[in-house]
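Everything numeric here is computed off the predicted structure, so don't read it as measured data. Convention: sequence-line order gives letters A, B, ...; per-chain numbering from 1.
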Protein chains: 2
Amino acid sequence: MTEEAGGTRPTMADVARAAGISTALVSIVMRGVPGASEATRKRVLKIADEMGYVPDQRARKLRQSSSRLLGVTFELQQPFHGDLVEQIYAAAARRGYDVTLSAVAPSREESTAVGALLRERCEAAILLGSRLGTEELARLARRGPTLLVARHTDVPGVGVVRGDDKAGVALAVDHLAALGHRHIAHIDGAGAPGSSDRRLGFLEAMGRHGLQDSAEVLAGGLTESAGAQGMRYLLARETPPTAVVAFNDRCATGVLDVLGREGHAVPGEISVVGYDDSRLAKFPHVQMTTVSQDAARLAEAAVSGALDLVAGREASESVFAPHLVERATTGPAPGHP
Amino acid sequence: MTEEAGGTRPTMADVARAAGISTALVSIVMRGVPGASEATRKRVLKIADEMGYVPDQRARKLRQSSSRLLGVTFELQQPFHGDLVEQIYAAAARRGYDVTLSAVAPSREESTAVGALLRERCEAAILLGSRLGTEELARLARRGPTLLVARHTDVPGVGVVRGDDKAGVALAVDHLAALGHRHIAHIDGAGAPGSSDRRLGFLEAMGRHGLQDSAEVLAGGLTESAGAQGMRYLLARETPPTAVVAFNDRCATGVLDVLGREGHAVPGEISVVGYDDSRLAKFPHVQMTTVSQDAARLAEAAVSGALDLVAGREASESVFAPHLVERATTGPAPGHP
DNA sequence: ATGGAGGACTAGTACGTTCTAGTCACGGCA
DNA sequence: TGCCGTGACTAGAACGTACTAGTCCTCCAT
């Protein structure tokens with residue numbers, strides 16, 4: 001209660017002095033590496049704890065040749081990014097790596113976030129759903145190993161880990177078609193990463209089922225409001241679609257919300273499919289049918305991909321096959337057996 | 001494209017050598033402080049950029065007496081925390097401070113997150129909606145300046161910035177009572193920070209309106225599912241309440257979702273009030289009546305409070321008066337003029 | 001001419017660690 | 001007895017930067 005003298009935190013030298021040994025030995029103990037007797041080890045640990053000593057990560061990483069630090073940018077308000085970040089923490093820890101976060105938000109641009117990462121000297125940068133332009137991406141890649149999650153790029157040297165967006169949306173369409181739906185709409189992600197692939201996947205799949213004429217694509221976005229707006233627009237038609245494939249779970253949530261509000265039964269009247277299988281889809285009261293990207297697998301691949309880049313291996317693109325998670329927001333088309 | 005020799009990033013010494021000057025001068029230029037001629041400044045900046053030199057934040061903070069770094073823990077899946085983090089970035093930047101984030105998630109405990117922060121040697125730790133026990137909090141406070149946001153504590157030395165939870169819920173109840181509602185339920189936050197205050201505020205306000213007998217409190221939580229579950233439970237009653245005050249916006253979202261699904265008009269049949277005024281409440285298709293905590297103000301107070309602690313000033317508790325944001329989920333009680 | 005004043009620049013140390021290359025004592029073995 | 005291996009420990013040099021205390025040099029007022 002009284003040991004906080006001057007406000008400066010105790011350093012290894014303080015601990016060493018208190019224990020009557022060298023700083024090198026304290027270092028050995030704190031790192032838990034062999035080279036100290038069991039007795040000293042116990043004693044030092046005890047003293048350190050009493051003094052409130054905590055190793056300085058800064059000095060530590062500065063000294064170490066490899067910082068064992070991974071930088072991650074993510075969008076503060078994207079639940080799926082939250083899922084990914086959580087899994088990246090775990091995947092990194094498994095390899096003895098630390099993670100430093102840099103958030104993207106309406107008032108904090110991605111370039112700001114990336115700049116902060118760069119200055120942290122992380123060994124690699126993992127960008128979740130980045131919207132960086134080719135130019136900026138290339139510059140970043142020149143600065144250090146860079147890996148994109150959930151977005152494609154042709155910039156050489158940049159690693160990519162993503163789900164197969166075309167295939168994912170196709171799964172959704174196949175599922176709906178099998179349920180007898182003919183008139184299906186897609187509320188897309190506007191300019192968001194992956195949205196052009198999903199749009200294409202939708203149209204191709206619809207074509208495969210001979211439904212190209214009743215396929216409808218709406219400009220959407222990745223927020224609830226985009227989904228809600230799109231759905232309201234669709235409901236204003238004389239014959240609204242019987243099924244909607246949303247760009248992501250957030251968008252689908254908006255769709256579901258409008259449907260509930262306007263008194264349309266889901267899936268009785270209209271079926272809805274989301275994308276991501278984020279926590280939004282899993283809620284017991286939502287039980288959304290969605291296309292799962294398996295955050296854990298993507299995170300694992302992202303971390304190992306990033307470390308491959310660090311090790312000097314060639315940048316590669318890993319594409320994961322998504323799978324459909326059938327829950328309660330899809331059902332037979334009205335009038336279908 | 002070819003300058004990345006050996007994989008080691010260029011250092012100040014490299015830039016200095018390339019420019020034929022001392023590292024000290026490079027340092028002066030990079031920091032933008034007076035002491036270099038305009039000509040050198042331009043030249044050094046150009047060379048640094050060409051070499052892809054980025055100052056090492058680690059070494060920098062290590063050297064500086066004060067690290068000008070604020071640590072923040074937040075919950076990855078709590079939209080209101082996202083709002084707060086965004087504003088904290090801004091408030092910190094205004095004072096020339098950096099922010100380091102440490103996320104809390106189901107698979108990443110708060111103590112882990114705090115430990116990571118400690119090792120980063122930030123000048124102060126800001127904990128959003130912490131659930132740390134008194135014991136742990138006290139230990140943390142001994143380690144360094146600590147400030148809690150959106151949660152109260154009696155631990156001495158710990159700063160607190162929060163909204164007036166009792167008053168906030170009272171605002172909601174007053175609003176509903178004025179609209180003629182008599183039978184009002186509160187789905188609370190279970191053990192979450194602030195939930196006991198909100199519960200109390202609810203009961204007191206109901207009492208003030210002479211409605212203590214029709215006041216109902218349900219164990220809830222801070223997720224959509226908690227809200228949904230609570231609402232379903234209420235709807236199973238023979239006479240459900242005509243209004244619901246949810247613990248937070250996420251909880252209210254779950255409530256609204258169930259109501260929509262079960263075909264109950266909002267606010268025609270049942271009114272709903274959230275808490276936080278997070279992005280969930282602001283969506284055009286939701287337009288949730290909610291109690292605003294004004295993230296920007298809380299963030300500003302949190303940052304300045306944390307820096308006060310750093311400056312050695314006494315820990316204090318700042319309580320902000322919340323205000324009601326009337327939107328579209330509340331209306332007159334059924335049968336009320 | 002002389003004496004600053006101030007601008008441009010540099011040498012060298014400190015920050016808190018890790019790591020390399022030791023030193024020292026002890027014990028076992030030939 | 002001498003030799004060597006081993007376990008416990010230490011001295012001191014990095015790591016990349018910021019900062020203090022200078023050193024020059026030029027220019028201007030006296």
Side-chain angles (χ1 to χ4, degrees), chain A residues 6-45 47-48 51-69 96 98 118-123 144, chain B residues 6-45 47-48 51-69 96 98 118-123 144:
Chain A
T8 56
R9 306 214 244 209
T11 134
M12 234 168 64
D14 298 326
V15 178
R17 205 172 311 120
I21 56 175
S22 72
T23 60
L25 190 49
V26 177
S27 171
I28 287 172
V29 170
M30 294 314 292
R31 278 175 295 151
V33 297
S37 72
E38 207 43 47
T40 338
R41 203 172 284 275
K42 277 223 180 75
R43 201 163 55 89
V44 170
L45 249 19
I47 293 177
M51 299 180 68
Y53 168 73
V54 181
D56 186 328
Q57 203 69 307
R58 282 226 154 58
R60 187 173 260 190
K61 300 255 187 225
L62 175 60
R63 181 57 240 256
Q64 283 165 339
S65 39
S66 80
S67 65
R68 296 193 85 75
L69 220 208
D98 282 333
L118 239 30
R119 271 170 307 222
E120 293 284 339
R121 274 287 185 280
C122 20
E123 292 184 19
Chain B
T8 55
R9 306 211 242 211
T11 129
M12 235 169 62
D14 298 325
V15 177
R17 206 171 310 121
I21 57 175
S22 72
T23 60
L25 189 49
V26 178
S27 171
I28 287 172
V29 170
M30 295 314 292
R31 276 175 297 150
V33 296
S37 71
E38 208 43 49
T40 335
R41 205 173 282 277
K42 278 224 180 74
R43 200 164 55 90
V44 170
L45 250 19
I47 293 178
M51 299 180 68
Y53 168 73
V54 181
D56 185 328
Q57 203 68 300
R58 291 235 142 53
R60 188 173 260 193
K61 300 254 186 225
L62 176 61
R63 181 58 241 258
Q64 282 165 335
S65 40
S66 80
S67 65
R68 297 192 85 74
L69 220 209
D98 283 332
L118 240 29
R119 268 163 300 181
E120 293 284 340
R121 275 288 185 279
C122 16
E123 292 184 18

**Study point:** For the student: nearest non-hydrogen atoms of B:Thr23 and B:Ala13, plus distance
**Key:** CG2-CA, 3.8 Å
Exercise for review: Indicate yes or no for a side-chain donor-acceptor contact from A:Arg58 to the backbone of B:Glu120 under 3.5 Å, with no hydrogens or angles considered.
Suggested key: yes
Practice item. State, to the nearest 10°, the angle formed by the axis through the first five base pairs of the helix from C:dA1-D:dT30 to C:dA30-D:dT1 and the axis through its last five. Key: 60°
Revision key, fill the gap. The contact string for nucleotides 11-19 of chain C, one letter per nucleotide 5' to 3', using protein heavy atoms under 4.0 Å with B, S and - for base, sugar-phosphate only and none, comes out as B--BBBBBB
Check your understanding: Roughly how many Å is it from CZ in A:Arg119 to P in D:dT17, rounded to a whole number?
Key -> 13 Å
Review point. About how many Å separate CG of A:Leu62 and CZ of B:Arg63, when rounded to the nearest 0.5 Å?
Key: 12.5 Å
Practice item. Test B:Asp56 against B:Met12 for side chain to side chain contact (heavy atoms under 4.5 Å, CB included), laying out the working first. Key: CA-CA 9 Å; B:Asp56 185 328; B:Met12 235 169 62; over 6 Å; no
Check your understanding: Distance-only, no hydrogens or angles: does the B:Arg31 side chain make a donor-acceptor pair with backbone N or O of B:Ser27 under 3.5 Å?
Key -> yes
Review point. D:dA11 C1' sits how many Å from A:Ile21 CD1, rounded?
Key: 14 Å
Point to revise | Contact summary for A:Gly32 and A:Arg41, nearest pair of heavy atoms | key: CA-NH1, 3.8 Å
Check your understanding: To the nearest Å, how far apart are B:Leu25 CG and D:dC19 C1'?
Key -> 14 Å
Study note, to complete from the structure: Partner of A:Ile21 under side chain to side chain contact (heavy atoms under 4.5 Å, CB included), picked from A:Val29, A:Val44, A:Ile47, A:Val15, is A:Val44
Exercise for review: Verify, without hydrogens or angle tests, whether B:Arg121 (side chain) and A:Val54 (backbone) share a donor-acceptor contact under 3.5 angstrom.
Suggested key: yes
